[in-house]
Amino acid sequence: MENIFNNNMDPNISDLPCDILLKIFELVSSDIKKNPFLRYNKKNGKVCPRKDYSQRFWSDQLRKYIDITFKDDDFESRVQPMVLPHTISTLCLVSKDFNRISNNLWEPFYVENLRKGNPYKRKYIPSFYREKVYKIIKNYYENVLKIIESPMNYNKIMEIIKNNNASVYMKSLKNAVNNDDIDNEYKYHRVRGLLRYHPDGGVIQAEDVCLDMKIEHMIDYRRKAIREAISYSEIYEAKKKIMIIRKK
């Protein structure tokens with residue numbers, strides 16, 4: 001790094017020698033919550049890739065999503081200074097000099113934590129270790145999206161199923177009225193064209209069924225189908241918003 005100390009310019013942190021600047025970077029405080037793809041291992045004081053990808057769940061009682069993203073508020077007080085990926089990436093964005101020097105932090109982070117202190121026999125450039133960490137980050141967010149997308153698709157299909165069934169019940173009730181069977185409380189009516197959820201080899205599908213039921217049951221089932229269709233629709237729209245945010 002060129003030393004530009006002179007009488008016309010004020011010195012700044014970038015004017016420090018590379019080895020000193022790197023030592024300063026190694027002391028920068030990191031926040032585990034800004035690295036959700038990692039979890040802290042209390043046994044060895046290291047961090048490792050997260051395997052649990054769920055982020056939140058829907059609370060029927062509160063009618064909203066509850067965030068359950070991993071948190072470790074005591075992280076900084078229980079470990080030695082550790083520069084995590086989010087901090088390294090932030091330092092890299094400051095300037096060209098910062099980027100060149102802070103890239104050297106990827107190797108010690110990766111070897112010490114993710115390889116449990118076992119270095120490679122061959123010497124690799126800093127970008128090799130950076131890409132290794134980026135792969136972990138990519139895997140994490142891809143799995144988070146899968147978890148969000150799966151129930152999202154399920155809720156959309158269930159909304160379609162419930163709306164279909166509500167329409168089928170209405171059609172059967174109209175037929176009963178037209179045939180003067182509405183007052184026969186003992187008669188069973190065959191309701192055709194109903195759909196129900198059926199997982200087939202991991203794929204969510206709708207299965208066609210028919211049922212025999214009384215007028216009172218048709219009315220109750222129609223009302224229930226309408227309520228459930230509205231509920232599934234609300235959940236789907238909420239998850240859709242989460243998907244949009246996650247993909248940005």
Side-chain angles (χ1 to χ4, degrees), residues 33 36-37 39 49-71 136-248:
K33 293 189 289 295
F37 43 88
R39 68 177 181 83
R50 277 186 63 186
K51 301 300 183 182
D52 51 321
Y53 303 113
S54 59
Q55 300 294 293
R56 50 180 55 193
F57 67 95
W58 174 261
S59 172
D60 289 326
Q61 182 178 3
L62 299 176
R63 302 298 297 169
K64 68 176 183 178
Y65 284 93
I66 307 299
D67 191 358
I68 56 173
T69 302
F70 173 79
K71 293 183 178 181
I136 293 173
I137 298 174
K138 181 181 179 182
N139 178 69
Y140 169 78
Y141 283 108
E142 283 180 345
N143 280 283
V144 168
L145 289 175
K146 286 180 182 178
I147 286 181
I148 296 175
E149 284 177 343
S150 180
M152 179 179 171
N153 294 335
Y154 167 79
N155 285 301
K156 186 60 178 177
I157 291 176
M158 290 303 295
E159 178 190 355
I160 294 172
I161 289 176
K162 296 303 178 179
N163 279 325
N164 170 83
N165 292 351
S167 298
V168 170
Y169 289 132
M170 176 58 75
K171 181 179 179 181
S172 296
L173 287 169
K174 288 181 178 179
N175 288 336
V177 171
N178 293 334
N179 294 328
D180 294 328
D181 290 331
I182 192 70
D183 295 322
N184 188 344
E185 60 180 308
Y186 301 106
K187 183 174 182 177
Y188 282 82
H189 302 264
R190 175 147 294 187
V191 183
R192 302 180 183 275
L194 294 170
L195 298 177
R196 68 180 177 186
Y197 159 76
H198 177 67
D200 184 11
V203 179
I204 299 174
Q205 296 183 348
E207 184 178 51
D208 190 11
V209 297
C210 66
L211 297 173
D212 293 329
M213 59 181 65
K214 296 180 179 180
I215 291 293
E216 291 79 5
H217 293 160
M218 274 192 277
I219 296 173
D220 291 340
Y221 276 52
R222 170 176 162 76
R223 290 171 178 169
K224 181 181 179 182
I226 292 174
R227 291 195 304 269
E228 291 178 341
I230 294 173
S231 177
Y232 283 120
S233 177
E234 290 175 348
I235 297 174
Y236 172 80
E237 291 301 324
K239 290 183 179 294
K240 185 177 179 181
K241 291 179 181 179
I242 296 175
M243 280 291 298
I244 294 174
I245 294 173
R246 293 288 182 183
K247 288 183 176 180
K248 287 184 178 179

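By convention here, the first residue in the shown sequence is residue 1. Values below: every heavy atom of this structure, side chains too, minus hydrogens, waters and symmetry copies.
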- Task: Go through N165 and Y169 one step at a time and tell me if the side chain to side chain contact (heavy atoms under 4.5 Å, CB included) criterion holds.
- Result: CA-CA 6 Å; N165 292 351; Y169 289 132; 4.1 Å; yes
Value for NZ (K138) from CG (N143), rounded to nearest 0.5 Å, stands at 12.0 Å
ask   = So do the side chains of Y140 and P49 get within less than 4.5 Å of each other, counting heavy atoms only?
value = no
Here the gap from R39 atom CZ to R50 atom CZ, rounded to the nearest 0.5 Å, amounts to 9.5 Å
query: Between H189 and S172, is any pair of side-chain heavy atoms under 4.5 Å apart?
result: no
Hits for side-chain contact (heavy atoms from CB on, under 4.5 Å) against E216, two or more places apart or cross-chain, chain-then-number order -> E185, K214
Taken in chain and number order and not counting sequence neighbours, the residues that satisfy side-chain contact (heavy atoms from CB on, under 4.5 Å) with K171 are N175
For R192 and V168 the tightest heavy-atom approach is O-CG1, 3.1 Å
Sequence neighbours excluded, the answer for side chain to side chain donor-acceptor pair (under 3.5 Å) partners of N178 is none
The reported gap from NE2 in H217 to CG in D212 (rounded to nearest 0.5 angstrom) is 12.0 Å
Those residues at least two apart in sequence (or on a different chain) that pass side chain to side chain donor-acceptor pair (under 3.5 Å) with K187 are D181
Got a donor-acceptor contact below 3.5 angstrom from the N164 side chain to the L194 backbone? no
Quick one: side chains of residues 220-230, donor-acceptor pairs under 3.5 Å with protein atoms, not counting sequence neighbours, listed by atom name and distance.
from: R222; atom 1: NH1; to: A166; atom 2: O; distance (Å): 2.7
from: E228; atom 1: OE1; to: K162; atom 2: NZ; distance (Å): 2.8

dist I137:CD1 -> F37:CZ (nearest 0.5 Å) comes out at 3.5 Å
Taken to the nearest 0.5 Å, the spacing of S233 OG from K156 NZ works out to 6.5 Å
